Amino acid sequence: MFRIMLALFLGAILAVPAEADGRERRPLDPAEAEVFRGVGRLNVGGRRFCSAALISERLVITAAHCLYHPRTLQPVPLSDLRFVAGQNGDARAAVRGAARVAVPPDFVFDGQPAFENLRRDIALIELDAAITPDEAPAYEVGGTPPPDGVIEIVSYVRGRSRVASLQDGCRIDAVVGQVAALDCGVNLGASGAPVFAISKTGRELWAVVSSTGMLVAGGEVTLAVRVAPELAALEAALEPQVPPRAPPDGG
């Protein structure tokens, strides 16, 4: 997970610098674990992991940098990606591989934190088989939550990597374009974790965790990329890779 100094990005925007105060990160209780079965661990080559979430029966949203090797800076093979939905100890709602992935065409993974890459740090994974609603729910993608909306982060993190953790009561301190600064702290493994907003219309997946940032005036924030503005382009990026259908006999 990257850490970015936000001297120009947020330092001049926030009247009161936010502090990522490490709001309680706790394991899901049984009822919450049922609701969040569609959130899972994205295992990368059996050595690293990120967090990810279902947005349809075959599509998973996560952070783009999770799909690259941190040393070689190259994309990891599809065979190295495995989405484990609803992992809770040894229990799993579903396990799927990756058939295709899409990242913004101008995303560049060079191992260096930069705001230009941060705002593109989002990726779509098409699973190799559907995960049915009976196995795990997919989440609706929503727009910007109201100022009084409740924000939740559900993630798998270092030190508690086999059970999803919930942080609620988070605040949005700023939204600049596609990037939001949240006052909840996160840990390694939270990259790609879904940020949910709860309003009068219900729970919607609003953003994915990318990195952490240090405000120039002091204090840490979690930086997340909004999903809705990039989703259509990511879905379209998958389409050209679909093999053409064979013509009917005699055609």
Side-chain angles (χ1 to χ4, degrees), residues 1-7 9 20 22 25 39-53 59-85 87 95-128 153-165 167 178-182 184-195 207-215 220-227 230 234 237-238:
M1 180 177 290
F2 295 134
R3 175 164 294 187
I4 297 176
M5 288 299 296
L6 304 178
F9 170 45
R25 184 185 301 115
V39 179
R41 252 179 61 148
L42 178 65
N43 294 331
V44 184
R47 296 174 298 276
R48 298 184 292 122
F49 71 91
C50 285
S51 301
L59 296 179
V60 167
I61 199 84
T62 190
H65 74 261
C66 293
L67 308 184
Y68 291 79
H69 194 286
R71 290 192 295 275
T72 68
L73 309 182
Q74 297 301 308
V76 300
L78 290 177
S79 58
D80 280 357
L81 300 174
R82 190 155 299 273
F83 177 64
V84 185
Q87 180 164 357
V95 181
R96 300 289 189 271
R100 294 182 294 171
V101 300
V103 300
D106 49 358
F107 177 77
V108 177
F109 184 76
D110 58 9
Q112 300 299 317
F115 178 68
E116 283 304 302
N117 264 342
L118 166 66
R119 65 186 181 86
R120 304 180 182 98
D121 192 12
I122 187 169
L124 199 60
I125 300 174
E126 182 183 48
L127 302 176
D128 58 6
I153 301 175
V154 182
S155 62
Y156 291 82
V157 298
R158 182 177 62 180
R160 194 181 286 158
S161 62
R162 290 164 54 83
V163 178
S165 297
Q167 292 165 276
Q178 292 172 219
V179 179
L182 313 174
C184 278
V186 293
N187 203 349
L188 290 175
S191 291
V195 179
V208 295
V209 170
S210 170
S211 41
T212 60
M214 293 297 298
L215 298 176
E220 182 177 303
V221 289
T222 291
L223 302 173
V225 182
R226 296 168 56 207
V227 175
E230 284 290 338
L234 289 173
L238 290 173

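FYI, side chains are in, hydrogens and waters are out, and symmetry mates aren't considered; it's all heavy atoms of this structure. Worth saying up front: this structure is predicted, and the values here are computed from it rather than measured.
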Cation-pi check, Arg41 to Phe49: give yes when NZ or CZ is under 6.0 Å from the six-membered ring centre and within 45° of the ring axis, no otherwise.
-> yes
Looking at Val225 and Arg119, what are the two nearest heavy atoms and their distance?
-> CG1-O, 3.7 Å
Val209 and Val195: CA distance, side-chain angles, deciding distance, side chain to side chain contact (heavy atoms under 4.5 Å, CB included) verdict | CA-CA 7 Å; Val209 170; Val195 179; 3.9 Å; yes
Only counting residues at least two apart or in another chain, list the ones meeting salt bridge (Lys or Arg N to Asp or Glu O under 4.0 Å) with Arg160.
-> none
Determine the minimum heavy-atom distance between Leu42 and Ala52, stating which atoms define it.
-> CB-CB, 4.3 Å
By side chain to side chain donor-acceptor pair (under 3.5 Å), which residues pair with Arg226, not counting sequence neighbours?
-> none
With Leu59 as partner, the option from Leu127, Ile125, Leu124, Leu234 fulfilling side chain to side chain contact (heavy atoms under 4.5 Å, CB included) is Leu124
Using atom types as modelled, flag every donor-acceptor pair under 3.5 Å from a side chain in residues 72-85 to any protein atom, sequence neighbours excluded.
unit_1: Thr72; atom_1: OG1; unit_2: Gln74; atom_2: N; d: 3.3

Polar side-chain atom of Asn117 near backbone of Phe107 as donor-acceptor pair, under 3.5 Å = no
By side chain to side chain donor-acceptor pair (under 3.5 Å) - contacts of Arg48 (at least two apart) = none
Pairing residues for Glu230 by the side chain to side chain donor-acceptor pair (under 3.5 Å) criterion, not counting sequence neighbours | Gln178
Output, in order, the C-alpha distance, side-chain angles, deciding distance and verdict of side chain to side chain contact (heavy atoms under 4.5 Å, CB included) for Glu126 and Val60.
-> CA-CA 6 Å; Glu126 182 183 48; Val60 167; over 6 Å; no
Nearest atoms (heavy-atom pairs only) where Leu118 meets Ser210 = CD1-OG, 3.0 Å
Measure across Phe109 and His65 and return the closest heavy-atom pair with its distance rounded to 0.1 Å.
-> CE1-CB, 3.7 Å
Begin with the C-alpha distance, continue with both residues' side-chain angles, and end with the deciding distance and a verdict on side chain to side chain contact (heavy atoms under 4.5 Å, CB included) for Leu182 and Ile153.
-> CA-CA 10 Å; Leu182 313 174; Ile153 301 175; 4.1 Å; yes
Over all atoms of both residues, closest heavy-atom pair of Ala64 and Val103 | CB-CG1, 3.9 Å
For the atom pair OH (Tyr68) and CG (Asp110), what is the distance rounded to the nearest 0.5 Å?
-> 11.0 Å
Please identify each residue that fulfils salt bridge (Lys or Arg N to Asp or Glu O under 4.0 Å) with Arg96, with sequence neighbours left out.
-> Glu135
Taken in chain and number order and not counting sequence neighbours, the residues that satisfy side chain to side chain donor-acceptor pair (under 3.5 Å) with Ser51 are none
Would you say Thr212 and Val186 make side-chain contact, with heavy atoms under 4.5 Å?
-> yes
Please round to the nearest 0.5 Å and tell me the distance separating atom OG of Ser211 and atom CG of Leu223.
-> 4.5 Å
Is any side-chain heavy atom of Val95 less than 4.5 Å from a side-chain heavy atom of Gln87?
-> no
Between the main-chain N or O of Ala63 and the side-chain N or O of Asp121, is there a donor-acceptor pair closer than 3.5 Å?
-> no
